[in-house]
Amino acid sequence: MQHSAAQDPADLPDLAHTHARPAHWLATATATAAVVALAGLLQPGPAGATAAPSAPRPAPAPEAAEADYPLECRGAAHKVAKRASGDLDGDGNPETVAVVHCEAGSGTPPSGVYVLTRGRGEGAPARVVATLVAPKDGKNVTGLAVRDGAVHATLLGYSSPDVPMCCPDEKEQVSWNWQDGAFVRVARAEARSA
């Protein structure tokens with residue numbers, strides 16, 4: 001194996017591109033900038049940029065204590081005895097169902113069952129959009145739930161005016177479903193004596 005002696009630079013071929021000139025620097029810088037810009041356009045955006053937009057959060061359920069109920073309490077206050085919330089009409093926002101009766105010193109006054117929706121305008125109180133049971137029906141409500149888009153309640157009543165107010169003798173399990181723009185009542189079991 002032969003070792004070559006160091007060559008004289010003058011003996012090497014003239015390589016024009018090895019001598020940096022301003023035009024070469026300008027061409028290299030322009031090409032580099034074009035590659036960087038193209039790479040930036042082809043890169044995916046930030047991780048969250050391609051995610052589907054999140055669905056808007058439903059509004060909170062209407063507040064039962066603030067509503068104006070169609071009760072005639074003859075100067076006495078009303079009391080919200082029970083409440084339950086859920087989306088009853090399928091619009092993605094919850095409604096509130098409230099069992100309300102007039103305050104009484106003794107005894108058990110009849111209840112009303114009302115469906116509430118949000119008030120019109122920010123800060124407006126909830127508004128009653130449906131009466132499922134009116135106090136004039138003479139019923140007391142012992143159970144209330146909202147499940148699967150329906151209102152479920154247990155109603156206690158009286159078979160005749162001779163039954164003492166302390167002791168209802170009828171019990172009925174009922175449900176209301178939203179159908180064709182209205183609440184439709186469905187008896188879950190036959191009315192029977194309590």
Are [Y] and [X] connected into the same hydrophobic cluster when the rule is that any two of I, L, V, M, F, W, Y join if their side-chain heavy atoms are below 4.5 Å apart?
X	Y	value
Leu116	Val146	no
Val113	Val128	no
Trp176	Val129	yes
Leu71	Val115	no

Would you say CG of Asn177 has more than 12 non-hydrogen atoms from neighbouring residues, nucleotides or ligands within 6.0 angstrom?
yes
Could you name each residue pair satisfying side chain to side chain donor-acceptor pair (under 3.5 Å) that touches residues 112-121, not counting sequence neighbours?
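Qualifying pairs: none.
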Can you list every pair that meets side chain to side chain donor-acceptor pair (under 3.5 Å) and has a residue in residues 178-187, with sequence neighbours left out?
Glu172-Arg185
Close side-chain approach of [X] and [Y], heavy atoms under 4.5 Å:
X	Y	answer
Pro125	Asp68	no
Leu88	Val97	yes
Asp87	Glu95	yes
Tyr69	Thr131	no
Asp169	Tyr158	yes

Looking at Val141, Leu132, Asn140, which one forms a side-chain contact (heavy atoms from CB on, under 4.5 Å) with Leu155?
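Exactly one option meets the side-chain contact (heavy atoms from CB on, under 4.5 Å) with Leu155, and it is Val141.
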Would you sort out whether Leu156 and Glu170 count as a side-chain contact (heavy atoms from CB on, under 4.5 Å), showing the intermediate values?
CA-CA 6 Å; Leu156 301 180; Glu170 292 183 336; over 6 Å; no
Stepwise side-chain contact (heavy atoms from CB on, under 4.5 Å) check, Leu144 with Val151
CA-CA 7 Å; Leu144 177 71; Val151 179; 3.9 Å; yes
Partners passing ring pair (Phe, Tyr, Trp, His ring centres under 6.0 Å) against His101 (at least two apart in sequence or in another chain):
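His101 satisfies ring pair (Phe, Tyr, Trp, His ring centres under 6.0 Å) with no residue once adjacent residues are dropped.
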Flag, side chain of Asp89 to backbone of Asp91, donor-acceptor distance under 3.5 Å
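Flag set: sc Asp89 to bb Asp91 pair under 3.5 Å.
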Taking side-chain hydrogen bond (donor to acceptor under 3.5 Å, both in side chains) as the definition, give me every residue that meets it alongside Thr142, ordered by chain and number, with sequence neighbours left out.
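Scan of Thr142 (side-chain hydrogen bond (donor to acceptor under 3.5 Å, both in side chains), adjacent residues dropped) gives none.
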Hits for side-chain hydrogen bond (donor to acceptor under 3.5 Å, both in side chains) against Thr96, two or more places apart or cross-chain, chain-then-number order -> Ser85
Disulfide bond (SG atoms under 2.5 Å apart) contacts touching residues 89-153 (sequence neighbours left out):
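Every disulfide bond (SG atoms under 2.5 Å apart) pair that includes a residue of residues 89-153, provided the two are not neighbours, is Cys73-Cys102.
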